[in-house]
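Since the structure comes first, as C-alpha cells, the remarks are kept for the end.
Proteins get letters first, then strands, A, B, ... in listed order; numbering begins at 1 in each. What's counted below: heavy atoms across the whole structure, side chains too, no hydrogens, waters or symmetry copies.
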Amino acid sequence: CNVTDLGPISLNWFEELSSEAPP
Amino acid sequence: RLVEQTEMADPSACDDSLNSHDLQLVSKLKSASGSCSVDVSAMWWERAGVKESCIITACEYVVALWKPLDAKRWKKNYTWHFKEIPVLQIVPVPDVCNLVCVALGNLEIRELRALLCPCDDKSDKQVLLKSGNIEAVAGLTKRRLVSSSGTLDDQQVEVMTFAEDGGINEKHFLMPPEEAVTTFAEVQGMEETLLGTTGMSSIVIWNLKTGQLLKKVHIDESYHGSVCHKAYSDMGLLFLVLNHPCAKDGQSLEKPVFQLIAINPKTSLNVGVMLYCLPHGQAGRFLEGDVKDHFAAAVLTSGTIAIWDLLLGHCTALLPPVSDQNWSFVKWSSTDSHLLAGQKDGNIFVYRCT
C-alpha cells in the first residue's frame with residue numbers, strides 16, 4: 001500500500017474539519 | 001458467611017496448554033452461579049484511599065466483583081443480580097473507580113445500567129441509565145459513556161458523563177449520521193475525537209465537545225461487520241485496527257484475523273496497510289477479541305486464543321483450549337498487564353504477559 005495515494009494530508013485535520021462542519 | 005474463593009492456580013498443571021512462554025497462568029476464577037459466562041473485565045476499586053485492581057465477571061444473570069487477596073488469588077467480594085433481562089456485555093468506563101456499566105438484553109441491548117460498588121458490602125446499588133432499542137455502547141475517557149439508540153429515522157447518539165457518586169452529571173447528543181452506528185472507538189490521545197462504524201461500511205468521525213459530525217468515510221464493503229478495536233492519529237492520518245471479516249476465507253492461504261487501515265480524514269481516501277494473519281497450519285476465523293496498546297488478542301472459531309504484537313506484525317502466542325473447553329471470550333485488563341480468558345462454564349483464567 002502507499003499512503004501517499006490518500007491525497008493531501010493535514011496535521012491539523014481535526015481542527016480544520018471542526019471549523020468546516022455544520023455546528 | 002461462606003466466602004467463595006478462587007482456586008489457587010497451579011501453573012505447572014497448565015504448561016502443556018501453552019506453546020508460548022509469553023503467557024504465564026496466574027490464577028483461575030471459578031464462578032459457581034451455574035449459568036453461562038458471558039464477559040470479563042477489570043476495574044479500579046478505591047476504599048479508604050487505597051486503589052485496587054479488581055476483576056468483574058458476568059454470567060447471564062449475575063455480575064460479580066473479585067477483589068485481590070494477594071498476587072495470585074481473588075475473592076468474590078460482591079454480586080449484582082438481574083432477574084428479567086440477561087447480561088450481554090460489561091461496559092468498562094475508563095477514569096472511574098467503584099463503578100462499572102453493563103448492557104442487558106437478549107439479542108439486542110435493551111438496557112444500560114451502572115453498577116456501583118457499595119461501601120458497606122451489602123446494598124445492591126444499580127442505576128438504570130438508558131432503556132429502549134440500543135444499538136451500541138462504549139465507555140470513554142473522562143468518565144463518559146456513549147450510546148446509539150432508536151430507529152434509523154430517529155437515531156440518537158448520546159454522551160453521558162458520570163459524577164463522582166456514580167450519578168449522571170451531564171448528557172449531550174452528537175449529530176447522528178444517516179446510517180445506524182454499530183460500534184464506537186475513541187481515538188487514542190485525542191479525547192475529543194470519537195469514531196463510529198456503521199452498518200453500511202462507513203467510519204464516522206465526531207467532535208465530542210461540539211457534537212459535530214465531522215466526516216463520513218466509506219470503506220470497502222469487504223470490511224462490512226468489522227469492529228474498530230483501536231484507533232490513533234499519526235502524521236495527519238487515522239489508523240484503525242479492525243477485526244478481519246474473513247469473507248474470502250478459503251480463497252487465500254493467508255488467514256487474516258486483524259487488519260490495519262489508514263484513512264486520510266481530509267479526503268476520505270483510505271487504504272489497507274497491514275494484515276495480521278494466523279501462523280501457517282492454524283485454522284479458525286475471528287470470533288471476538290480485544291486490543292490494548294500494541295497487543296491484539298482474539299478468540300478463534302477453533303476455540304484457541306491467538307495473540308499478535310501489532311508492532312512486530314505477527315502472532316506471538318497461541319493458547320489452545322484448556323481442559324477440552326473452547327475459549328469463548330478474551331479481554332486485556334485495563335488496570336494491569338493481565339490477559340483475562342473465559343470459558344462458557346464460568347471459568348476465568350488470568351494470565352500474565354511477560
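Atom CG of A:D5 is separated from atom CG of B:N270 by 12.0 Å, given to the nearest 0.5 angstrom. Considering CG of B:L237 and CD1 of A:I9, their distance stands at 4.0 Å, rounded to 0.5 Å. With rounding to the nearest 0.5 Å, the separation of CH2 in A:W13 from CG in B:N264 is 10.0 Å.
Heavy atoms from other residues, nucleotides or ligands lying under 6.0 Å from CD of A:E16 number more than 12. The environment of B:H172 atom NE2 is dense: over 12 non-hydrogen atoms of other residues, nucleotides or ligands sit within 6.0 angstrom.
Here A:S18 is the residue among A:G7, A:S18, A:S10, A:A21 with the most heavy-atom pairs under 4.5 Å with chain B.
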* salt bridge (charged side-chain N to carboxylate O under 4.0 Å, His left out) between B:K266 and A:E20, intermediate numbers included -> CA-CA 11 Å; B:K266 289 287 285 183; A:E20 293 162 9; 3.3 Å; yes

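Interface remark: B:I205 contributes side-chain atoms only to the contact with chain A (heavy atom separation under 4.5 Å). Only the side chain of B:S233 comes within less than 4.5 Å of a heavy atom in chain A; its backbone stays farther off.
In this structure, the side chains of B:L238 and A:F14 stay at 4.5 Å or more apart for every pair of heavy atoms. Taking the side chain as every heavy atom from C-beta outward, A:P23 and B:T210 never approach each other to under 4.5 Å.
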